[in-house]
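Atoms within each ligand, like the ligands themselves, are counted from 1 in listed order.
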Amino acid sequence: MRIRISDQSKKQEKGDLAIVLAKAALLEKHPFFGGLSVGEKSLLSGLVKKFPKDGLRRTVSLAGGRTVLFLVNSGSWNHRRSLLAARQVIDLARRERIGRFSLNLADFETEAGTSRSILAESLAVQFSLANFEFSKYKTLPIGEPFFVSEIIFPLATKESLEIEKGLQRGLIIGEETNNCRMLCNTPGGEMTPAVLAADAVKTGKRVGFKTSILGKKEIEKLKMGGLLGVANGSVEGPKFIVMEYWGGSKKEKPVVLVGKGITFDTGGLNVKTENYMNDMHMDMTGGAAVIHSLAALARLKTKKNFVGLVPAAENSVSSISYRPGDILKTMSGKTIEVLNTDAEGRIVLADALHYAKRYEPRLVIDVATLTGAAMRALGQRASAVFATDEKISQQLAVAGERIGDFVWPLPLWEDYEEEIKGTFGDVANLGKTNYGGAITAAVFLWQFIKGWSWIHLDIAPRMVAIDGEFLAKGSAGPAVALLAAFLKDF
Ligand code: BES
Ligand code: ZN
Ligand code: ZN
């Protein structure tokens, strides 16, 4: 999708238009309204007079074969509504096969008073997220998805430069989120640790970061007993993906991102039952988010240093799978007592978090579809965030709110450490009770990064897109936009 700024002095917009109203009463003041004929004006006015309580979203035909994408909000209007409206415009355009149209940026303004370039960035993210479909495996020619190819923004020249920059930044962030979604949607049989690693290499070449892939031999040399243990049951060997982007000064310590890369989670010998195994090809979402948020940061030419680490493995069932009761020695020297082979994410992350310390990071952020408990706590509308520094956590939440990738805090307290003490090993990978599973998982990870500035994002709640958010079925691509928006200024 392209975005183009057109000079506002050419008052009359040609071609198809979109009119997005925060409330019906704004119709007559809309800049596109003035250019319409008397008949067309009364057509639109008539529509808003009898518009339904749940809002209006439809097309209206104008003279000369032109079309208006007409959206009228009902109820409150705020930043979240505005972001949703951006997706709705694209959704309507795609359904009506309108590939190019003019849009008025000011339609999306709210009382929050977000600067127009930041608003532009956040909106462009939504445009591209809504302009995505995972159709790679569909062979039928009928019903091929239609995409919006261009949005034109008529803008006065004096403000257009900053806004255009914001829009282009947003497109980059949106595109990389979609690249992440593509990986996540790829079936487990095809998305193996090696394939995930190959994407990191390819992406690094495309955007300019350095990637090294460590295979089983090298992982053994590093004594990453956690990653090796989880990977043991699969013929697909583990990979440890290391990505480095040095955009800042030599002296500056990097932010290290760590992503859970379980390419399929059967649960292992504690095999998942019923439909709990559905969607577990997306258990590498954290890894894909790390690869593609790094890609976004590189493409944004961020003048900072970043490292991405992805421990990738398949959690499979076989006669040589790791077992409940096994005790794994991690790279840190700490031993993990495996009480449940389905709590595998924290085990592979333990090794990766320890590895992160060699960079003396100024901040470590891990991203993982870690627990069903986080989903039970928050539903599917926000990722859980745990942080050693409340201020940073707050900044992250603000960035997420702006870009439309939401997080909500849960406690990171040492009190919970009691619940993950091992009987025969140092730490158990399962809490002693059935309660607070997202928190005990976070506290488990903390044991491997204690003393460092650290944020843990449990993105399990946001792994899959839900009805009503105007995203294609499948992966929601969580954390890519969040991390890109937060880290480009951190
Ligand atoms: N990958 C799952 C968590 C998950 C569940 C992500 C649903 C997305 C949607 C993780 O490896 C897992 O199985 N966690 C267990 C932990 C339990 C055994 C302590 C869980 O949450 O049930
Ligand atoms: Zn699991
Ligand atoms: Zn898992």
Side-chain angles (χ1 to χ4, degrees), residues 181 184-185 188 191 193 196 226-227 229-234 238 258-289 310-317 321-326 328 336-352 366-384 410 416 419-420 422 427-445 456-466 474-479:
R181 291 162 87 188
C184 299
N185 285 335
M191 180 47 61
L196 187 62
L227 178 55
V230 170
N232 214 52
S234 174
V258 178
K260 171 177 173 182
I262 297 297
T263 57
F264 195 83
D265 184 8
T266 63
L269 292 178
N270 294 107
V271 66
K272 286 181 183 288
T273 56
E274 294 174 34
N275 44 20
Y276 289 110
M277 211 185 293
N278 294 348
D279 296 334
M280 280 304 132
H281 60 290
M282 294 191 209
D283 211 18
M284 33 54 75
T285 299
V310 180
E314 186 182 21
N315 188 19
S316 215
V317 184
S321 291
Y322 79 137
R323 310 155 191 80
D326 279 359
L328 306 173
I336 296 174
E337 185 172 345
V338 179
L339 297 182
N340 190 313
T341 59
D342 197 9
E344 83 298 337
R346 64 196 76 181
I347 300 177
V348 302
L349 289 170
D351 277 329
D366 79 77
V367 200
T369 48
L370 203 63
T371 66
M375 276 173 97
R376 284 190 285 278
L378 295 176
Q380 293 179 276
R381 294 174 191 278
S383 298
L410 288 176
Y416 288 92
E419 298 175 38
I420 50 158
V427 266
N429 78 333
L430 195 65
K432 292 198 170 98
T433 69
N434 266 327
Y435 308 121
I439 304 170
T440 47
V443 169
F444 175 99
L445 295 179
H456 161 54
L457 290 169
D458 192 334
I459 57 171
R462 293 293 305 141
M463 185 174 80
V464 178
I466 58 175
S475 169

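Checked against a 3.5 angstrom limit, the closest N/O atoms of D265 and ligand 1 fall inside it. Polar contact check, T371 against ligand 1: no nitrogen or oxygen pair lies under 3.5 Å apart. Of the N or O atoms in E344, one or more lie within a sub-3.5 Å distance of an N or O in ligand 1. Of the polar atoms of N340, none of the N or O atoms is found under 3.5 Å from an N or O of ligand 1, judged by distance alone.
By the 4.0 Å heavy-atom criterion, K272 is counted among the residues contacting ligand 1. Within the 4.0 Å heavy-atom cutoff, R346 counts among the residues contacting ligand 1.
In M282, neither the side chain nor the backbone holds a heavy atom less than 4.0 Å from any atom of ligand 1. Contacts with ligand 1 closer than 4.0 Å are made by side-chain heavy atoms of L430 only, the backbone lying farther away.
From N270, atom CG reaches atom OG1 of T341 across 3.5 Å, with rounding to the nearest 0.5 Å. Annotation: the span from L227 atom CG to N232 atom CG amounts to 10.5 Å, rounded to 0.5 Å. In this structure, CG in D283 is found 4.5 Å from CG in D265, a value given to the nearest 0.5 Å.
Using a 4.5 Å heavy-atom cutoff, the side chains of F444 and N429 are in contact. Side-chain contact between Y322 and L269: absent, with no pair of heavy atoms (C-beta onward) separated by less than 4.5 Å. In this structure, the side chains of V310 and V258 stay at 4.5 Å or more apart for every pair of heavy atoms.
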**Item:** Residues N185, S475; criterion side-chain hydrogen bond (donor to acceptor under 3.5 Å, both in side chains); working and verdict
**Value:** CA-CA 6 Å; N185 285 335; S475 169; 4.8 Å; no

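Of the candidates G372, G437, A373, it is G372 that places a heavy atom closest to atom 20 (C) of ligand 1.
Less than 4.0 angstrom separates some heavy atom of K260 from each of these atoms of ligand 1: 1 (N), 10 (C), 11 (O). Under a 4.0 Å criterion applied to the non-hydrogen atoms of M375, ligand 1 contributes the atoms 7 (C), 9 (C). Close contacts between ligand 1 and M463 involve ligand atoms 8 (C), 9 (C) [criterion: under 4.0 Å to a heavy atom]. Close contacts of ligand 1 with A460, meaning ligand atoms under 4.0 Å from a residue heavy atom, involve 6 (C), 8 (C).
Residue pairs satisfying the side-chain hydrogen bond (donor to acceptor under 3.5 Å, both in side chains) criterion with at least one member in residues 456-466, sequence neighbours excluded, are listed as follows: D366-H456, T371-D458, R462-E469.
Put simply, the side chain of D326 gets close to the backbone of R323: a donor and an acceptor are under 3.5 Å apart. Checking side-chain atoms of K260 against main-chain N and O of T369 turns up a donor-acceptor pair under 3.5 Å.
Atoms of the protein (N, O or S only) found under 2.8 Å from the Zn ion (ligand 3) are K260 NZ, D265 OD2, D283 OD2, E344 OE2.
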